[in-house]
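One structure is given here, and the rest of the page talks about it.
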Protein chains: 2
Amino acid sequence: MDMTSALTAFSALSQQTRLEAFRLLVTAGDAGMSAGDIAEALDVRQNTLSANLAVLLQAGLVRNQREGRVIRYFADTDGMRGMLGFLLQDCCGGRPELCQPLIEDLTCGC
Amino acid sequence: MDMTSALTAFSALSQQTRLEAFRLLVTAGDAGMSAGDIAEALDVRQNTLSANLAVLLQAGLVRNQREGRVIRYFADTDGMRGMLGFLLQDCCGGRPELCQPLIEDLTCGC
DNA sequence: CCTTCATATCCATAATTCATGAATTATGGA
DNA sequence: TCCATAATTCATGAATTATGGATATGAAGG
């Protein structure tokens, strides 16, 4: 993950519809969600959501897959990991005490 | 962390100077850096950096502290944690296998 | 084929964001 | 009090981004 990709990723998540869509896909997990279902869940117009999903795609934060007439979207964990890794790079250069509580906090019980 | 705060945080990190400044402060850790040093390190004008630091401040991603004539900035780990927690909320609803590798990948060796 | 459903793309307008220069505030030292 | 340094604030214009309507693509079914 380089600076440009990271910027694209953060930029993608800095808009309400996209952040909501991404979180929806994170909780949906491997099941993913169709574009239509996402649009309905978020109550946004079809073309607006489509444009926003395209932004998330280009940022590498989601993947999609055609299934007949529907297109199913999934959160891309690799992309998310790359972004977070870039952000936290060298966060604990010799200072585990800075990094450790953050990690623990993110384990969300699993 | 609510949606609005998360959006503010991601938006703050979606601009090159701010993302660079934030990463600089993450690696600087408890030592922090003065506004002037950050401006010099990133080669940006004082007022431009000041405006960008203000955005990071408002997003809760950095803190600052006056020390005589200089103002020292620090990465705010609580803010960062809040943002990441919001993003990953319910990422592993019953599916630890999705969340675990991500966490491990972020432990960056410490 | 023709229709219908699901989604994407094009285009114009509205809204937002950004860097910059000029001016301002705050601090410490002479 | 005066000056230099450190940093912030403000207004502006340029560039980017979001949105909605209309239209296009692509797949399934009759």
Side-chain angles (χ1 to χ4, degrees), chain A residues 3-25 28 31-76, chain B residues 3-25 28 31-76:
Chain A
M3 173 64 65
T4 306
S5 311
L7 282 172
T8 308
F10 284 116
S11 175
L13 294 175
S14 68
Q15 199 270 350
Q16 180 157 1
T17 302
R18 289 195 297 261
L19 181 52
E20 287 180 344
F22 182 72
R23 296 213 319 152
L24 216 48
L25 291 175
M33 284 179 78
S34 73
D37 288 348
I38 300 172
E40 188 179 11
L42 301 183
D43 192 29
V44 293
R45 289 168 197 268
Q46 176 268 322
N47 57 353
T48 297
L49 180 72
S50 178
N52 282 319
L53 286 175
V55 173
L56 287 170
L57 268 180
Q58 212 237 325
L61 290 168
V62 305
R63 286 174 297 110
N64 68 1
Q65 171 184 318
R66 175 147 235 153
E67 290 178 3
R69 280 197 282 210
V70 296
I71 297 186
R72 186 172 296 275
Y73 283 81
F74 306 87
D76 187 325
Chain B
M3 174 63 66
T4 306
S5 310
L7 282 173
T8 308
F10 285 116
S11 174
L13 294 175
S14 69
Q15 198 271 346
Q16 181 158 1
T17 301
R18 291 195 296 262
L19 181 53
E20 286 180 346
F22 182 73
R23 297 213 320 153
L24 216 48
L25 291 175
M33 285 180 76
S34 72
D37 287 348
I38 300 173
E40 188 180 12
L42 301 183
D43 192 28
V44 293
R45 289 167 197 267
Q46 199 178 37
N47 55 355
T48 298
L49 181 72
S50 179
N52 282 319
L53 286 175
V55 173
L56 287 170
L57 267 179
Q58 212 237 325
L61 291 168
V62 306
R63 287 174 297 109
N64 67 1
Q65 173 183 317
R66 174 146 234 151
E67 290 178 3
R69 280 197 280 209
V70 295
I71 297 186
R72 187 171 293 276
Y73 283 81
F74 307 88
D76 186 325

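Just so it is clear: chains get the letters A, B, ... in the order the sequence lines come, proteins before strands, and each one is counted from 1. Computed over heavy atoms, backbone and side chain alike; hydrogens, waters and symmetry mates excluded.
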Return the nearest nucleotide to the side chain of [X]; candidates are [options].
X     : options               : value
A/S50 : C/dT9, D/dT19, C/dA6  : C/dT9
A/A35 : C/dA8, D/dA27, D/dA7  : C/dA8
B/N47 : D/dT8, C/dG28, C/dA8  : D/dT8
A/R69 : C/dT4, C/dG28, C/dA19 : C/dT4
A/Q15 : D/dT9, D/dA18, C/dT27 : D/dA18
A/R45 : D/dT5, C/dT7, D/dG21  : D/dG21
A/R66 : D/dG21, D/dG26, C/dA8 : D/dG26
B/T48 : C/dT20, C/dA6, C/dA8  : C/dT20

Pairing nucleotide - [N], Watson-Crick or G-U, each distance under 3.5 Å:
N      : result
C/dA23 : D/dT8
C/dA30 : D/dT1
C/dC5  : D/dG26

| message | Tell me whether B/T8 contacts the main-chain N or O of B/T4 through its side chain, where contact means a donor paired with an acceptor under 3.5 Å. | response |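 Between the backbone of B/T4 and the side chain of B/T8 there is a qualifying donor-acceptor contact (under 3.5 Å).
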
CZ of B/R72 versus C1' of D/dT5: gap in Å, rounded?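 Roughly 16 Å, once rounded to whole Å.
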
| request: Using whole Å, report how far CG of B/L56 lies from C1' of D/dT8. | output: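 Atom CG in B/L56 sits about 15 Å away from atom C1' in D/dT8.
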
Practice task
Compare side-chain N and O positions of A/Y73 against OP1 and OP2 of C/dA8 and report whether any pair is under 4.0 Å apart.
Solution key: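 Yes, such a contact exists.
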
